[in-house]
Amino acid sequence: MSEFDENDAFEAAARPSLSAQAMAARPMPYLDGLNPAQREAVEVLNGPVLMLAGAGTGKTKALTTRIAHLLNTGQARTNEILAVTFTNKAAREMKERVASLLGQTVEGMPWMGTFHSICVKLLRRHAELVGLKTNFTILDTDDQIRLMKQLIAANNIDEKRWPARLLAGVIDNWKNRAWTPEVLPASEANAFNGRGPELYAQYQARLKTLNACDFGDLLMHMVTIFQKHDDILKQYQSWFRYILVDEYQDTNVAQYLWLRLLAAGHKNICCVGDDDQSIYGWRGAEVGNILRFEKDFPGAKVVRLEQNYRSTAHILAAASGVIAGNEDRLGKELWTAAEGGEKVRLIGHWDGDEEARWVGEEIEAMQSGTRGRAPMSLDDMAILVRASHQMRAFEDRFLTIGLPYRVIGGPRFYERLEIRDAMAYFRLAVSQDDDLAFERIVNTPRRGLGDKAVQTIQGLARQNGVSLVEGARIAVDTGAIKGKGGKGLAELVMGLDRWHAQLRAEADTHVEMAEVILEESGYTDMWLNDKTPEAPGRLENLKELVKALESFENLQGFLEHISLIMDNDTDDAEEKVTIMTLHGAKGLEYPAVFLPGWEDGLFPSQRSMDEGKVKETGNGSGLVNLGLEEERRLAYVGITRAEEICTISFAANRRVYGQWQSQLPSRFVDELPADHVEVLTAPGLYGGGYGGAAGDFGASPLEDKASRVDAYNSPGWKRMQAQGALRSKPSPNESRGLVIDLEAVSSFTQGDRVFHTKFGYGTVMGIEGDKLDIEFDKAGAKKVVSKFIVPAAQAGDVPF
DNA sequence: AGCCTCCTAATTTTT
DNA sequence: TTAGGAGGCT
């Protein structure tokens with residue numbers, strides 16, 4: 001095991017033994033603001049605790065108070081508490097709040113961080129046990145894909161049929177389950193056309209020679225080490241005397257094993273989570289972990305936080321009504337002491353553009369404070385969509401009306417092209433062994449080194465058993481690459497040597513060196529000479545990157561951490577509406593929330609329902625579609641983001657992949673309890689005809705009489721009418737569910753003439769679930785998801 | 001080596 | 001519809 005340095009978090013020091021008096025003597029003002037459930041969750045310090053914390057129930061408060069309590073009572077010292085989160089943001093927030101609770105900065109808390117950042121720290125101590133050196137690099141997704149592409153090519157696999165992305169997904173899945181190539185179960189043998197297992201082994205071997213690991217490895221390697229080296233595990237078990245886990249419902253198998261191993265001794269583990277907010281199953285999260293907690297830790301104390309401090313009663317009731325549709329739950333019922341508030345608002349629109357237009361106007365109205373409401377800041381409003389492509393309609397609309405907005409999500413700072421290029425240069429300046437970095441920048445900026453030149457370098461490197469930089473050096477020395485490329489390569493190699501020497505000599509000049517490297521390599525010039533509109537932004541980002549270096553002591557330290565900590569929180573001063581995905585919104589709250597696109601196929605998304613992951617229900621009444629349940633949890637997350645005003649909307653028509661489709665309102669709409677929903681009249685569809693009630697909206701989309709008739713015959717429209725009818729005469733005895741007759745939903749039968757965007761006209765030959773066997777007139781027999789099929793009669797007159 | 005055109009596929013995303 | 005990738009052409 002590596003030596004610990006002076007500042008080591010584990011540095012031995014006698015732990016003061018605490019008497020009951022000592023504990024009682026310390027004031028605990030932080031306990032006063034807690035409700036009984038929170039207080040219980042805070043005060044039971046020893047043994048396993050499961051804190052089931054519903055949305056907005058003060059879970060972070062309880063968690064941070066618990067940490068403060070552990071410290072304040074002297075039960076644990078800062079370096080004996082392992083507190084794990086999923087995001088850096090959550091870790092940061094936790095640190096800040098613990099500090100403010102204790103009224104002092106918490107110097108230390110070295111083991112409060114993300115799963116990944118903690119595992120990096122641990123793995124750097126024990127890297128040699130999994131065949132790595134302590135200064136291993138962490139590959140980002142891009143590097144991973146490039147590596148896998150090479151492997152796929154080397155194995156003579158057709159990359160078009162078996163893309164690297166797919167392999168990356170397969171391997172990632174295995175790693176999430178902590179399956180190393182050695183323990184990969186036989187059931188996985190067929191993965192990736194039967195080549196998965198061997199490619200996985202090759203990939204891991206390649207990582208080892210590169211002295212690198214990917215994100216999944218961080219966890220998996222630590223689990224492996226803990227499993228194989230009992231002495232090391234024991235040591236950490238005694239060091240981490242208290243374990244706290246945030247968002248436990250999002251843990252995957254590897255994380256679960258890691259936690260279980262560490263907690264196995266003292267079992268002082270407190271997991272906080274909400275099974276109803278488990279929305280990351282698709283990336284390996286196992287709701288099962290939280291559902292099984294009491295079995296894993298017999299005698300666990302289970303505390304439910306159910307008092308909500310965020311939303312109005314109507315909003316909570318709507319959320320509860322929807323989530324009640326799920327079978328697989330531990331069961332919680334949110335309640336609030338707050339009274340009053342608006343009902344959840346539901347509105348249907350003609351199409352996606354109109355929905356965006358309406359939301360824009362509604363936002364402007366809220367901002368200026370009409371309709372008896374106080375004016376609201378744009379910062380207090382958010383639009384939460386299921387899929388990022390939905391954002392476009394809103395962006396387009398907001399641009400035309402000049403409504404400021406911010407989009408959350410998209411590429412992270414460190415994922416940007418220019419940042420990764422720059423980092424590759426830095427990596428090479430620090431270590432010339434970094435082949436992936438070399439490959440990345442060898443011809444960036446252009447040096448006249450194309451595929452052929454790179455192959456030459458790779459060949460030389462392989463023959464001599466050296467790194468690519470050394471291979472390049474040989475190529476330069478032997479004149480293996482001629483002309484412009486040869487000259488460029490010579491300059492690059494000289495540059496790398498110079499930078500490396502300079503950094504070794506004066507490591508603390510790294511900020512200036514970073515600038516020098518970007519200058520001398522020609523990278524800055526490359527963007528200065530670039531005429532595309534993105535170029536200035538990229539140069540800005542490079543400046544920011546250099547600035548970020550200032551908070552590190554040297555380039556090496558920067559590189560070791562950067563891939564884990566570079567998140568982009570945009571803190572701009574101007575008030576803006578937020579647009580983001582439902583996934584991105586978890587953990588956030590806004591006074592006003594818009595939830596557009598509640599249409600079957602979009603939300604719940606067709607894909608998630610088609611995945612076909614099913615499970616027996618507890619009562620044997622049938623099968624549960626797990627994909628659908630996760631979508632429903634997403635709906636629950638969406639609604640519970642709203643504090644005061646929650647507006648759900650759907651459109652009767654939407655353009656999907658460039659093709660207009662009529663849409664049905666989401667089944668989740670039907671699950672909203674009618675008593676807590678106000679159905680708004682859709683301008684343009686209800687009442688005195690188009691545009692009648694709400695003023696004019698410019699050119700009417702319904703000017704064409706034929707399409708208007710079609711619109712009124714569409715299933716979506718029929719369902720809308722049903723909604724409207726229900727609003728006018730609510731049934732007193734059936735408050736739950738806006739249950740609407742679904743007979744209008746069209747389906748296909750054998751022999752139907754149908755139309756498909758790409759394949760043209762055809763005849764339905766058979767039906768399997770939602771897939772149709774169709775004999776196309778031109779394209780022949782195909783199996784197509786019914787979603788992509790319209791009756792032939794409608795093919796010509798799809799609206800717009 | 002670099003540009004251009006054709007083809008294909010198309011949630012959700014943190015580290 | 002559109003974006004990104006691959007392959008072909010100059």
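This one's a predicted model, so the numbers in the text were calculated from it and none came from an experiment. Within every chain, numbering begins at 1; the chains are lettered A, B, ... in the order of the sequence lines, protein sequences first and strands thereafter.
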Inset, instruction - Return the 5'-most residue of the pair Ile279(A), Thr141(A) with respect to DNA chain B, ranking by each residue's nearest nucleotide. - result: Ile279(A)
Legend entry - Rounded distance (Å) that lies between atom P of dT11(B) and atom CG of Leu626(A): 22 Å
Legend entry - Check: dT12(B) base within 3.5 Å donor-acceptor of Arg386(A) side chain: yes
Inset, instruction - Please test Gln150(A) against Gln458(A) for side-chain hydrogen bond (donor to acceptor under 3.5 Å, both in side chains), starting from the C-alpha separation and ending with a verdict. - result: CA-CA 12 Å; Gln150(A) 292 172 9; Gln458(A) 279 170 336; 5.4 Å; no
Inset, instruction - Could you tell me whether Glu415(A) contacts a base, only the sugar-phosphate backbone, or nothing, with contacts defined as non-hydrogen atoms closer than 4.0 Å? - result: base
Inset, instruction - Inspect the contact between Arg420(A) and Glu415(A) and indicate whether a charged nitrogen and a carboxylate oxygen are less than 4.0 angstrom apart. - result: no
Inset, instruction - Using a 4.0 Å heavy-atom cut-off across all strands, classify Ser608(A) as base, sugar-phosphate, or nothing. - result: base
Inset, instruction - Quickly work out the Lys175(A) NZ to dT15(B) C1' distance and round it to whole Å. - result: 13 Å
Legend entry - Whole angstrom value for the distance that separates P of dT12(B) from CZ of Arg633(A): 18 Å
Report each atom pair, protein N/O against N/O of nucleotides 1-6 of chain B, whose distance is under 3.5 angstrom.
unit_1	atom_1	unit_2	atom_2	d
dA1(B)	OP1	Gly450(A)	N	3.0
dA1(B)	OP1	Asp451(A)	N	3.1
dA1(B)	OP2	Gly448(A)	O	3.0
dA1(B)	OP2	Gly450(A)	N	2.0

Inset, instruction - Please determine, by modelled atom types, if Arg406(A) and Thr578(A) share a side-chain donor-acceptor pair under 3.5 angstrom. - result: yes
Legend entry - Glu630(A) CD to dT13(B) P, straight-line distance once rounded to whole Å: 13 Å
